[in-house]
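Quick note: numbers below take in every heavy atom, side chains included, and nothing from hydrogens, waters or symmetry partners. No experiment lies behind these values; they were computed from the predicted model shown. So you know, we letter chains A, B, ... as the sequences are listed, proteins then strands, and number each from 1.
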Amino acid sequence: MELIDRYVYAVAHRLPERQRKEIERELRGLIEDMLEEREGNGESRKDAVETVLRELGDPRELADKYRGRPKYLLAPEFTDAYIAVLKVVAGSIGLVLGIVFVIESVLDPWNILDHFVDGIVSFITVAMPQGFAWLTAVFMALSLAGVDGKKWDEYSGKEPWSPSQLPEVPDEKRRIPLSDPISSVVFIIFFTALFVLFSDKFGIYLQAEGGGRTVVPFFSEEGIRQYAWGFVAVAAATILLNVWKLRGRRWTPRLAWTHLAIQTLASVFLVFVFMDNTVYNPTFVDQLLQLDFLKENSDGVRFWTESAKLWVVPAVALGLVVDVVQTLYKTYRK
Amino acid sequence: MSEKDMQELVGGFIQELRRGTIIIGVLSQLSEAQYGYSLVTVLEEKGIQVDPGTLYPLLRRLEKQGLLDSQWDTNEARPRKYYLLSELGKRVYEELCTEWERMSAGLQALIDSQRS
């Protein structure tokens with residue numbers, strides 16, 4: 001009977017290979033038994049088959065019952081972990097591409113729009129699909145292998161749940177928004193790379209006589225280099241501090257005072273560096289004159305470029321004061 | 001809520017009750033070997049309705065969990081898989097029975113106390 005074959009197949013092909021044969025045999029037996037009873041009541045075989053199969057119901061549901069749980073690609077227990085890791089992956093990819101964009105733009109500010117479009121395009125067409133595909137593949141493999149989150153906890157000796165593990169209810173007033181540490185890290189990496197690695201490319205870009213571009217840097221590469229250790233130290237301290245912020249996500253007195261200590265040291269360092277005459281490009285004005293950017297060699301221009309550094313102290317001091325007030329307010333307000 | 005909606009709700013609850021108790025019904029009849037459909041008939045005669053599409057997968061599961069032993073009988077016209085309580089199955093059944101009696105007595109007392 002063709003309809004019975006089709007039904008048995010519809011159930012069996014949804015089941016694991018090694019169970020198929022036996023379940024098929026049992027199912028056929030069952031259908032025959034059920035038919036026998038119907039036909040005994042005088043029903044025609046065709047009608048009886050129809051009724052019996054209807055009674056057994058949707059083959060998909062019957063297969064699910066044999067399997068014990070519905071079919072899945074990603075085990076339901078993994079859903080939370082999957083979403084959490086997906087967020088981290090998307091965030092990291094975005095962060096890396098953002099940093100690449102910023103560095104490219106500094107090196108070649110003429111094509112900033114191209115860099116931006118490139119960044120977006122590679123995020124959408126390459127980086128995210130790749131990240132998504134690999135992550136999903138890993139979780140599918142874990143699900144397929146039947147890795148069980150509970151068993152994993154047992155093996156790794158994780159303590160059973162107790163009320164003391166409950167995280168604190170987040171304090172909205174002292175909460176650190178995610179954007180704060182992330183933008184700090186992006187900024188400090190950008191800033192450090194600019195001064196330590198690309199100080200010779202940070203300046204005013206002009207058309208050179210040959211038609212190419214030339215840059216008149218603001219700073220002297222050798223002058224900045226002697227402070228490279230300080231920039232790197234400030235960056236390292238800032239990144240560590242922001243890792244702390246990311247983990248706690250709330251302002252505590254300890255975090256606040258560490259933050260202020262690092263900011264103060266960094267400010268002192270910046271003032272120290274930018275008050276040092278040797279960090280500036282000594283021939284800045286001369287180069288601009290040579291390239292016809294400045295038309296006349298006036299004392300006024302020289303005076304202004306040389307006194308520009310005097311603004312560093314009040315600017316850094318103002319930034320520090322604002323930061324101190326903000327941080328203390330966020331930490332100690334009631 | 002319409003009458004039909006209410007009937008649907010009741011149907012769902014009854015299904016849950018059946019799902020929980022069917023194992024006791026099945027184990028109770030398997031101190032002698034039976035095949036799936038004969039079990040359906042026996043249970044139905046005693047007023048316990050069971051859908052073969054539920055019973056067959058359940059028998060396999062209980063076998064996998066070690067509560068039942070099974071054997072194919074290929075002598076008859078139709079090959080049939082016979083199931084029988086294992087030693088473990090017997091002990092599990094005893095415990096389930098004790099718990100069931102305790103539960104149904106408790107529920108009965110609750111229902112009676114409301115009615116009187």
Closest-packed option against chain A by number of heavy-atom pairs under 4.5 Å, given Thr54(B), Leu58(B), Val40(B): Thr54(B)

Toward chain B, the part of Glu61(A) with a non-hydrogen atom under 4.5 Å: neither

Over 12 non-hydrogen atoms of neighbours within 6.0 angstrom of CD in Gln19(A): yes

Under 4.5 Å from a heavy atom of chain A, the part of Arg61(B) involved: neither

Sidechain-backbone polar pair: Tyr56(B) side chain, Tyr37(B) backbone, donor-acceptor under 3.5 Å: yes

Part of Ser38(B) within contact of chain A (heavy atom distance under 4.5 Å): neither

Most chain B-contacting option - heavy-atom pairs closer than 4.5 Å, from Ile23(A), Leu27(A), Leu62(A), Val11(A): Ile23(A)

Within 6.0 Å of CZ in Arg60(A), more than 12 heavy atoms from elsewhere: no

Arg333(A) atom CZ: more than 12 heavy-atom contacts under 6.0 Å: yes

Gln7(B) atom CD, over 12 foreign heavy atoms within 6.0 Å: yes

